[in-house]
Amino acid sequence: MRLGLALGYWGRGPSADHVRLAQEAERLGYDSVWTAESWGSDAFTPLTWIAAQTSRIKLGTAVAQMAARSPTTTAMHALTLDHLSGGRMMLGLGLSGPQVVEGWYGRPFPRSPLTATREYVEVVRQVLRREAPVEVAGRFHAHPYRGADGTGLGRALKSITHPLRPDLPVLLGAEGPKNVAQTAQIADGWLPLYWSPSRPEVYGTTTFREGFLVAPMAQVKVCDDVAEGLLPVKMMLGFYIGGMGHAARNFHADLMARMGYEEEARRIQELFLGGRREEAVLAVPDAFADEISLVGPRERIAERLELWRKGPVTDLLALAPDPHTLRVLAELNS
């Protein structure tokens with residue numbers, strides 16, 4: 001099982017530690033470093049900054065939001081960074097949810113998310129393969145555009161720049177069983193959310209071909225007090241389950257419910273949406289936070305790490321906030 005460093009997205013401003021952590025991860029033998037985006041900082045710019053100050057570690061987006069860019073724009077970002085980094089880019093994509101897509105990006109959330117995702121990936125693939133001008137007769141991502149409100153003058157184009165790698169890896173964030181099954185068919189890897197090594201059946205019965213990447217993120221913290229170490233995990237869960245979506249449609253809350261915590265998920269939503277955010281965080285069960293993270297003394301993390309190795313996970317993307325935790329995890333995984 002390879003290790004990756006997950007840096008996430010910025011809060012109020014950029015972190016002064018991200019480049020230093022990425023450099024330390026590279027020194028320790030981590031395979032990859034990953035950035036993200038929500039409705040603030042973008043995923044590609046920080047990754048480019050890190051690429052310029054590292055030499056070996058792979059560079060991934062976990063995830064770049066599909067609604068933020070047309071698929072050709074995303075492919076341009078990926079092929080550009082792949083060239084500049086000497087072939088280290090991995091493109092992780094996610095659809096996000098209606099609240100973000102419609103509220104932040106000002107676009108309709110697709111009524112058929114699976115179709116929209118499949119078309120998006122197909123356009124990206126065609127750009128990167130550069131075998132012919134991009135042509136997709138899609139419902140959501142038609143190239144060239146032939147809508148009634150267009151001029152009808154668009155023509156199929158092929159990238160001026162020759163991609164460094166036509167097989168640049170494309171990974172997808174997917175939560176529902178049908179989405180995971182499609183991901184196994186059309187992508188090179190899967191970025192699970194809230195992975196529990198003891199509940200792989202929650203994501204369905206999909207089997208993955210050889211070489212397919214399964215790369216979940218998990219908060220990791222070496223500390224003596226497990227309850228204290230779990231608090232950041234619970235804060236993240238309270239925000240995602242309570243606030244990252246509408247009360248009637250929240251994919252993160254639905255996933256928590258499928259993992260056996262339906263009553264707790266709905267309670268977290270109720271508290272968070274009612275403005276009682278601290279109570280929402282405290283309502284996150286310690287057991288749930290614990291099973292999707294690696295927190296506690298070195299010996300406890302070593303024991304629990306064995307569970308992660310026994311399943312389909314190929315890459316553990318650690319949300320690790322400090323160099324000590326990075327080092328201990330590298331030692332335990334060696």
Side-chain angles (χ1 to χ4, degrees), residues 1-11 13-38 40-65 68 74 77-94 164-165 168-173 187-193 195 212-222 232-233 236 293-294 301 305 308 313-334:
M1 185 175 69
R2 294 177 294 264
L3 295 178
L5 168 64
L7 296 172
Y9 46 80
W10 298 353
S15 171
D17 295 335
H18 279 184
V19 170
R20 179 175 58 87
L21 287 171
Q23 291 172 332
E24 178 67 2
E26 181 172 70
R27 189 188 68 79
L28 291 169
Y30 279 61
D31 186 70
S32 57
V33 58
W34 302 74
T35 56
E37 59 190 13
S38 54
S41 61
D42 78 283
F44 289 100
T45 308
L47 202 61
T48 305
W49 188 247
I50 291 167
Q53 300 179 76
T54 55
S55 59
R56 177 199 56 80
I57 198 165
K58 294 173 187 172
L59 310 155
T61 55
V63 292
Q65 295 181 337
T74 295
H77 279 299
L79 72 85
T80 301
L81 184 48
D82 202 42
H83 268 291
L84 293 175
S85 66
R88 292 190 278 153
M89 178 66 194
M90 294 189 289
L91 180 60
L93 300 170
L164 182 65
R165 293 182 299 160
L168 185 154
V170 176
L171 299 87
L172 293 174
D188 303 300
W190 171 39
L191 297 160
L193 187 68
W195 176 263
F212 188 84
L213 305 178
V214 178
M217 280 187 287
Q219 293 205 38
V220 184
K221 178 66 176 178
V222 178
V233 184
M236 176 273 294
S293 60
L294 289 162
I301 291 179
L305 198 59
W308 291 75
V313 174
T314 61
D315 297 77
L316 170 60
L317 310 186
L319 284 158
D322 63 273
H324 175 64
T325 294
L326 283 179
R327 183 171 63 255
V328 170
L329 187 61
E331 291 170 354
L332 294 177
N333 197 57
S334 61

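Quick note: residue numbers are just sequence positions, from 1.
Looking only at distances, no side-chain donor or acceptor of Thr61 sits under 3.5 Å from a matching main-chain atom of Ala43. A donor-acceptor contact shorter than 3.5 Å is absent between the side chain of Asp315 and the backbone of Arg2. In this structure, Glu37 contributes its side chain and Asp42 its backbone to no donor-acceptor pair below 3.5 Å. Listed for the Arg88 side chain is a donor-acceptor partner under 3.5 Å among the backbone atoms of Ala51. Of the possible donor and acceptor atoms, none in the side chain of Tyr30 sits under 3.5 Å from a partner among the backbone N and O of Ala318.
The number of heavy-atom neighbours closer than 6.0 Å to CH2 of Trp49, taken from other residues, nucleotides and ligands shown, is 12 or below.
Residues Arg20 and Asp17 meet the side-chain proximity criterion, which asks for heavy atoms closer than 4.5 Å. Side-chain atoms of Phe44 and Thr80, non-hydrogen and from C-beta on, never get closer than 4.5 Å to each other. Thr325 is not listed as a side-chain neighbour of Ile301, based on a closest heavy-atom distance of 4.5 Å or more. Two residues are said to be in side-chain contact when any heavy atoms from C-beta on lie closer than 4.5 Å; Glu24 and Arg27 meet this criterion. You'll find the side chain of Val33 reaches within 4.5 Å of the side chain of Leu59, heavy atoms only. Contact check for Leu79 versus Leu168: no side-chain heavy atoms found under the 4.5 Å cut-off. Looking only at side-chain heavy atoms (C-beta outward), Lys221 and Pro232 stay at 4.5 Å or farther from each other. At least one side-chain heavy atom of Met89 sits less than 4.5 Å from a side-chain heavy atom of Leu47.
Interatomic distance, Asp188 CG to Leu171 CG, rounded to the nearest 0.5 Å: 6.5 Å. Note that CG of Leu164 is 11.0 Å distant from CG of Leu81, once rounded to the nearest 0.5 Å. The CE atom of Met217 sits 7.0 Å away from the CG atom of Leu191 when rounded to the nearest 0.5 Å. Atoms CG and CZ, from Leu329 and Arg327 in turn, are 12.0 Å apart once rounded to the nearest 0.5 Å. In this structure, OG1 on Thr35 lies 12.5 Å from OH on Tyr9, to the nearest 0.5 angstrom. To the nearest 0.5 Å, the span separating CG on Leu5 from NE2 on His18 amounts to 8.0 Å.
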Please evaluate residues Asp322 and Val222 with respect to the criterion side chain to side chain contact (heavy atoms under 4.5 Å, CB included), reporting the C-alpha separation (whole Å), side-chain torsions for both, the decisive distance (0.1 Å), and the verdict.
CA-CA 9 Å; Asp322 63 273; Val222 178; 6.0 Å; no
Run the side chain to side chain contact (heavy atoms under 4.5 Å, CB included) test on Leu316 and Asn333 for me, step by step, so that the C-alpha distance in whole Å, both residues' side-chain angles and the decisive distance to 0.1 Å come before the verdict. CA-CA 10 Å; Leu316 170 60; Asn333 197 57; over 6 Å; no
TODO: Determine, stepwise, if the pair Leu172 / Leu93 fulfils side chain to side chain contact (heavy atoms under 4.5 Å, CB included).
DONE: CA-CA 5 Å; Leu172 293 174; Leu93 300 170; 3.8 Å; yes
Subject >> Audit row: Leu3, Leu28, side chain to side chain contact (heavy atoms under 4.5 Å, CB included) steps and yes/no >> reply: CA-CA 10 Å; Leu3 295 178; Leu28 291 169; over 6 Å; no
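When all heavy atoms of Pro321 and Leu21 are compared, the pair lying nearest together is O-CD1, 4.3 Å. Taking both residues in full, the closest heavy atoms of Leu91 and Ala78 are given as CD2-CB, 4.2 Å, listed atom of the first, atom of the second, then distance. Residues Ala218 and Ser293 come closest through the heavy atom pair CB-CA, 4.3 Å. Here the closest non-hydrogen pair linking Pro216 and Trp308 is CG-CZ3, 3.9 Å. Closest approach of Ala320 to Leu326, counting heavy atoms only: CB-CD2, 3.7 Å.
Between Trp195 and Trp190, the ring planes lie perpendicular to each other; the angle is over 60°, past the 30° to 60° tilted range.
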